[in-house]
There are 2 protein chains.
Amino acid sequence: MAGRPDRLTLADVAERAGVSRATVSLVLRSSPLVAESTRIKVQRILDELGYVYNRSAASMRASRSRTVGLLVPGLSNPFFAELAAGVDQILDEAGLALFLADSNESVAKQERVILRMREHGADGIIICPAVGTTKDLISRLDAWKFPFVQALRHISPQGDYAGADYEIGMDRATEHLIRLGHRRIAFVGGEHMHSAYRERRDGFVACMRRHGLSPDFILKTPLTRQAGMDAVAAVLEQDEAATAAICFNDVVAFGMLLGLSDRGLEPGVDLAVVGFDDVAEASLSRPPLTTVATLPNQIGQDAARLLLRRIADPHGLPERVILPTRLVVRASCGALRSQRVA
Amino acid sequence: MAGRPDRLTLADVAERAGVSRATVSLVLRSSPLVAESTRIKVQRILDELGYVYNRSAASMRASRSRTVGLLVPGLSNPFFAELAAGVDQILDEAGLALFLADSNESVAKQERVILRMREHGADGIIICPAVGTTKDLISRLDAWKFPFVQALRHISPQGDYAGADYEIGMDRATEHLIRLGHRRIAFVGGEHMHSAYRERRDGFVACMRRHGLSPDFILKTPLTRQAGMDAVAAVLEQDEAATAAICFNDVVAFGMLLGLSDRGLEPGVDLAVVGFDDVAEASLSRPPLTTVATLPNQIGQDAARLLLRRIADPHGLPERVILPTRLVVRASCGALRSQRVA
DNA sequence: TCACGAATTTAGATCGATCTAAATTCCGGG
DNA sequence: CCCGGAATTTAGATCGATCTAAATTCGTGA
């Protein structure tokens, strides 16, 4: 602690309580070895003096820091923020502290941050790899024997992973549109080829193929509202215009809703729009957005639980927790005409 | 590091390089004391062996951890996420690691987290106090000699602080509405009495008073879209209905925009609406939202810089960085009729 | 060639906890 | 009242860096 002049140590407490350092240490770790009466006596002194445990010293000797890292590619994306909240919740319950860092989709910063976490002696790391991360990161983590869990995205099938079943989610959403009678459907949004993109696209393609429809109306765009607005033109002004658009995520879908009303068109009537993620705003857009819920908080919790297990048992078999997604039908796909608000 | 079996130490590197531990240590800290030739030789071995610095050991001896904490009351609020991104950026440049925690507006969790950060030997903390935090927290931080900076909210005028000038921002926004001819203006949103609330409300009240208008149309609501939607009724269905509403933040304002269009009313015509924060979506709502930009990323950067200074000089005079806000006039206030989109 | 101050390097103590192995205390039975 | 085993407690080594103070090496002028 930043050169605090006279920090209390175990020895001070021990002396004051009339026991040895070792005993105080046992009390701190609530070991069953110490007698109830001494535990109470020591605890009283501990509180009285306002003793603060020194984890640097502890982790040095015990080679465990009760700290884990979380690396996300963009905190300002509410999706990752929500994931972080889930991770934090589980770790807090377990009494571990969380090192959070944002790679900003930069592989270089990601590299720096991982090193820093190793230096700080983190017991493990939950990592949502930045775009462009190569497989060898996973091999290195392995070689370093650094416990890790991949979340949301994965760059290698090795190791633990927590995520949502994007492929089936997208498949179901596409199926829903096809049932509503759509035949020409566009897949809109996403520019980088990471696992999360691949899975969603594959779900779309698989479903279209299964129904004998062409899955080649795929539009790559940045993941912003603006891009969604701009995409409206590309979707409608085509020799063979689409009647429905299924978006990579809700943000792009919101953009499309805006783009449609700017042109005086009505979402769900002139073009069915479906999003992905079910962010908080989805039920409050006009019209409310049909989307696929992917529960980032939940995924964060699962990732944290996986990591705790991996730390406890470094050699156990890898696990992949893949949460089911849920199609949330609202008005933007045209299914609930009556519920639509003028 | 989680019981890694055979972690390399300074001694290993020293032996391999044919120098003493002390010399290697100096190289690691890039001390000017070591000769260029030895620095190069040692650095080569360091890279070759893939040595990883052990910060636990270092901070124990040096009583500095090159780590700071950031405590926010709700990561899933994009505003705080953005703040965190700003903090992270500055700290990363300075080579410090960030401990991030979310108090979820719970004083109890906040207390737990602060203790954890002290235990981990954080060099300081940036804290955005949870609702209900009492002044004595600040006194305790002081007594512990734990360097801190308050951000966005403050519970005590003591100590460093980084925030935006909410009061003037709200004053200017109110002034803008009055200039547009409004006389009956409602202040909508906010339920907890923290500094951020008080300052915004005071700005509104001061401006109304200055113009001889009544500032008592104040509606407390949760800070959600839903609450904003619901507030529309309360604002319009009053014996003396308001012609303009100025919201605690953009989220509430978005809700009001939705509430208005649900009733077939036009924001900016039937009711002028102004938000606060200028979140990313503000320019993309329909109509685009007039709001006050408060630059959370910037504030995060300033908070981080303040903390770095405070750590370097624990006894320097306290500083308060108060960033100016900027009124961003779009269509929702009715000022830009021509720009409004049908 | 030697002395001397500056530039480098280093031995050994130290930070504050944990861990090991051994010492002490406690208790019930003989 | 002593003994043996269980229950508690403890001394002292240890983790891997930094720091202090002293030793060594270097370069230069006499």
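Residue numbering restarts at 1 for every chain, and letters A, B, ... go by the order of the sequence lines.
When ring centroids are compared, A/Phe99 and A/His120 come within the 6.0 Å threshold.
Put simply, A/Arg29 has a side-chain N or O that comes within less than 4.0 Å of OP1 or OP2 on C/dC19. Regarding contacts with the backbone of D/dG16, every side-chain N or O of B/Tyr51 stays at 4.0 angstrom or more from both OP1 and OP2.
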Give the intermediate values and the outcome of salt bridge (Lys or Arg N to Asp or Glu O under 4.0 Å) for residues A/Asp92 and B/Arg112. CA-CA 9 Å; A/Asp92 185 58; B/Arg112 236 177 319 148; 2.6 Å; yes
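The residues B/Asp123 and B/Arg310 are annotated as not salt-bridged, no charged nitrogen and carboxylate oxygen being separated by less than 4.0 angstrom. Salt-bridge annotation for B/Arg39 and B/Glu36: present, with a side-chain N of the basic residue lying under 4.0 Å from a carboxylate O of the acidic one.
In this structure, A/Leu28 atom CG and C/dC19 atom P are separated by 13 Å, rounded to whole Å. Going from atom CZ of B/Arg7 over to atom C1' of D/dA17 covers 11 Å, rounded to whole Å. Atoms CG (A/Leu8) and C1' (C/dG16) sit 12 Å apart, rounded to a whole Å. One interatomic measurement links the two molecules: CZ of B/Arg118 to C1' of C/dG16, which rounds to 16 Å at whole-angstrom precision.
If you take CD1 on A/Ile138 and OG on A/Ser156, they are separated by 5.5 Å, rounding to the nearest 0.5 Å.
Inspection of the A/Thr23 and A/Ser20 side chains reveals an N or O donor paired with an N or O acceptor under 3.5 Å.
Proximity note for A/Leu10 (side chain, C-beta onward) versus D/dC19, D/dA17, C/dA17: the nearest is C/dA17.
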Assign a letter to each nucleotide of nucleotides 8-15 of chain C from its 5' end: B, base within under 4.0 Å of a protein heavy atom; S, sugar-phosphate only; -, no contact. SSBBBBBB
